[in-house]
Amino acid sequence: MKNEKIRIGVIGTGGRSKDVVRRLLNTWNQIEISSVFDPDGSRVKDFLAATKSEGAKVCGRFEDVACDKNASWVMVFSPNCYHMEHIVASFEAGKHVFSEKPLATTIEDCKRIYDAHKRTRLIFATGFVLRYAPIYRKAKEILESGRLGRIISLAASENIAPDHGAYIMKNWRRLAKFAGPHILEKCCHDLDLLNWFTESLPSKVSSFGGLDLFKAENAGLPERLGEAGRKAFAGWHDPAGEKCPFKSDKDIIDHQISAMLYRSGVSGGFHATLSNAIPERRIYFSCSEGTMITELYSQTLKFARIGEKEEELSFKGDLHGGGDTVLAKELGEAMIQTKQPPSGGEEGLCSSVVALAMDDARVKGAVVDLEPIWKRLGQN
Ligand SMILES: NC(=O)c1ccc[n+]([C@@H]2O[C@H](COP(=O)([O-])OP(=O)(O)OC[C@H]3O[C@@H](n4cnc5c(N)ncnc54)[C@H](O)[C@@H]3O)[C@@H](O)[C@H]2O)c1
């Protein structure tokens, strides 16, 4: 392992950047921040203090971070709609890039990013943190061992708690012009896992959903549920300013169900909702010779071969099932050794495209055929 310092530029210094960069710097003392940009000076200050990087250069434009001669990597943590300009400028300036998911908010922008990565041949790391979580690595190992035969069908969900849903409906995520649809912004992690587990891509998708809870007419709901209900909807604070999650202007939806047919023949379903007393992030794998169920809130994995006793494994990780700790380790290794970490541009491209196609299917009320899109993107 090389010993020289790795210097990084950071674009967007909000909540996620603070967490990822702090873990990275705490794990690797060879890595340090060279420059930062965020339009909100208070968040820059907060970030530099949290990462003990007060000596870093504070830039007034993202281009100055992208072109920072002292940095070899740029890390992008801006809202999703800005990812394309930030990532492409960084590749064009010769930097390796880590970007948070999703890649971008349109298929065209995803393509621009992916093309810039391929053209420049620089390393592209993406923040699909669940690929680093021990529970999902174990699930992948079990599937690959063949003990359960092959996946026939799967059903996955991301049904989050009221405080998390309320945060989304207060934050920039409530507007598709910044975040893209909820299924993209939040669930691209899960859709990426399904691509990984099936070793395939959806060929066709259909989808239904709407906005039926976080509406002005339901603003009295937390109050009606009493003290416990009020607490259940509170808790997640938006540093950009508090709003009523029911009355806020928004154009994303709060419930969606999608059906997928993978190229491999696997059928799948995906359920996403934003206010649940029993939150669940679950994948049910119906396999030819057995069954497996993963659930991230409880960090449990159950599996059995047909006719045999069920085994249950428990995991104990902090945020994202421990994925953030592993990501800091493996991303740092990739930076120091100039190598590709486990989650890259292809994962970013494919999961974003699946999510965007699902939302397109919902809006059109039609089955969307992804094959022409995959062909255009070179995913044959
Ligand atoms: N992998 C994960 O599990 C995970 C978790 C949370 C967030 N994220 C992703 O991280 C990114 C940031 O999310 P967050 O939770 O930190 O949001 P946040 O609201 O906490 O921070 C966003 C930051 O971007 C800044 N910003 C706004 N416009 C900008 C611009 N034009 N250029 C640069 N910066 C700009 C804001 O001032 C703010 O500081 C998003 O893409 C989000 O999807 C990923």
Side-chain angles (χ1 to χ4, degrees), residues 9-24 35-48 50-51 58-66 74-87 89-90 97-105 109-110 113 125-133 136 158 160 164 167-168 170-193 236-243 252 281 296 317-328 331 341-343 347-348 351-352 355:
V10 177
I11 302 180
T13 57
R16 182 66 182 156
S17 67
K18 239 175 16 182
D19 193 49
V20 173
V21 176
R22 192 166 39 192
R23 285 172 193 267
L24 187 66
S35 56
V36 295
F37 166 72
D38 190 298
D40 182 340
S42 68
R43 304 209 71 182
V44 172
K45 215 168 142 209
D46 195 25
F47 170 84
L48 293 177
T51 57
V58 178
C59 300
R61 306 179 322 144
F62 77 82
E63 292 89 340
D64 296 333
V65 174
V74 172
M75 299 184 78
V76 176
F77 297 96
S78 48
N80 310 338
C81 64
Y82 304 114
H83 287 181
M84 194 279 286
E85 61 180 357
H86 295 162
I87 298 170
S90 304
V97 175
F98 167 89
S99 174
E100 263 309 341
K101 44 54 61 177
L103 227 52
T105 53
D109 277 1
C110 291
I113 292 171
T126 46
F128 288 94
V129 61
L130 298 186
R131 286 218 183 201
Y132 297 81
Y136 293 121
E158 187 176 19
I160 61 179
H164 196 167
Y167 171 73
I168 289 168
K170 300 188 275 197
N171 185 248
W172 53 266
R173 291 163 168 85
R174 74 188 191 284
L175 295 168
K177 67 177 178 188
F178 295 125
H182 174 75
I183 190 98
L184 172 79
E185 152 53 26
K186 188 73 190 78
C187 309
C188 63
H189 283 295
D190 308 78
L191 300 174
D192 170 56
L193 287 180
W236 285 51
H237 167 65
D238 181 10
E242 285 300 310
K243 286 182 189 62
I252 61 164
R281 204 167 191 176
L296 193 63
D318 65 348
L319 201 59
H320 296 118
D324 285 296
T325 306
V326 183
L327 186 144
L331 177 63
S343 159
E347 288 79 8
S351 60
S352 297

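Just follow the structure's listing: the first ligand is 1, and inside any ligand the first atom is 1.
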Is there side-chain contact between Leu319 and Val129, with at least one heavy-atom pair below 4.5 Å?
-> no
May I ask you to identify the nearest protein heavy atom to atom 26 (N) of ligand 1, giving residue, atom name and distance to one decimal place in Å?
-> Pro79 CD, 3.5 Å
By number and element, which atoms of ligand 1 are closer than 4.0 Å to a non-hydrogen atom of Asn80?
-> 40 (C), 41 (O), 42 (C), 43 (O)
Before signing off on this row, confirm whether Glu100 and ligand 1 have an N or O atom pair separated by under 3.5 Å.
-> yes
Close-contact set for ligand 1 against Gly127 heavy atoms, below 4.0 Å = 1 (N)
Counting each atom of ligand 1 from 1 as listed, which ones have a heavy atom of Asp40 under 4.0 Å away?
-> 37 (O)
Going by heavy atoms in the side chains, are Phe77 and Val20 under 4.5 Å from each other?
-> yes
Are Trp172 and Phe178 an aromatic pair by the rule of ring centers under 6.0 Å?
-> no
Where does the angle between the aromatic ring planes of His189 and His320 fall among parallel (under 30°), tilted (30 to 60°) and perpendicular (over 60°)?
-> tilted
Rounded to the nearest 0.5 Å, how far does NZ of Lys45 lie from CG of Asp40?
-> 11.5 Å
Structural part of Arg43 in contact with ligand 1, heavy atom criterion under 4.0 angstrom | side chain
Could you see which bit of Trp172 sits under 4.0 Å from ligand 1, with heavy atoms only: side chain, backbone, both or neither?
-> side chain
Verdict with reasoning, Asp324 to Arg16, per salt bridge (Lys or Arg N to Asp or Glu O under 4.0 Å) | CA-CA 11 Å; Asp324 285 296; Arg16 182 66 182 156; 2.8 Å; yes
of all protein heavy atoms, closest to atom 28 (N) of ligand 1 is Tyr82 CE1, 3.5 Å
Residue and atom name of the nearest protein heavy atom (relative to atom 6 (C) of ligand 1), distance in Å to one decimal | Arg16 CD, 3.5 Å
Hey, does Ile11 have a side-chain heavy atom less than 4.5 Å from the side chain of Tyr82?
-> no
Just which atoms of ligand 1 are under 4.0 Å from any heavy atom in His189?
-> 1 (N), 2 (C), 3 (O)
If you measure from OH on Tyr167 to NZ on Lys243, what distance do you get to the nearest 0.5 Å?
-> 11.0 Å
Any ion pair linking Asp192 and Arg131 (charged N to carboxylate O, less than 4.0 Å)?
-> yes
Whether Phe62 lies under 4.0 Å from ligand 1, heavy atom | no
May I ask you to identify the nearest protein heavy atom to atom 12 (C) of ligand 1, giving residue, atom name and distance to one decimal place in Å?
-> Phe77 O, 3.1 Å
Can you name the nearest heavy-atom pair linking Leu103 to Gly348, along with the distance?
-> CD2-C, 3.7 Å
Measure the distances from the heavy atoms of His83 to every atom of ligand 1 and state whether one is below 4.0 angstrom.
-> yes
Touching ligand 1 at all, Arg173? Heavy atoms, strictly under 4.0 Å?
-> yes
Quick one: which ligand 1 atoms are inside 4.0 Å of a heavy atom on Gly14?
-> 16 (O), 20 (O), 21 (O), 23 (C), 39 (O)
Flag the pair Asn80 / Glu185 as yes when at least one side-chain heavy-atom distance between them is below 4.5 Å, and no otherwise.
-> yes
4.5 Å side-chain heavy-atom contact, Arg174 and His182 | no
Under 4.0 Å from ligand 1, counting heavy atoms only, is it the side chain of Glu185, its backbone, both or neither?
-> side chain
Please work out whether any backbone atom (N, CA, C, O) or any side-chain heavy atom from C-beta onward of Pro39 is under 4.0 Å from ligand 1, and answer side chain, backbone, both or neither.
-> side chain
Mind checking whether Pro102 has an N or O less than 3.5 Å away from an N or O of ligand 1?
-> no
Which heavy atom of the protein is the closest neighbour of atom 38 (C) of ligand 1, given with residue, atom name and distance?
-> Asp38 OD2, 3.4 Å
Atom 20 (O) of ligand 1 [closest protein heavy-atom partner, distance rounded to 0.1 Å] | Gly15 N, 2.9 Å
Test item, Phe37 contacting ligand 1 (heavy atom, 4.0 angstrom) | yes
Arg23 and Asp318 ion-paired at < 4.0 Å | yes
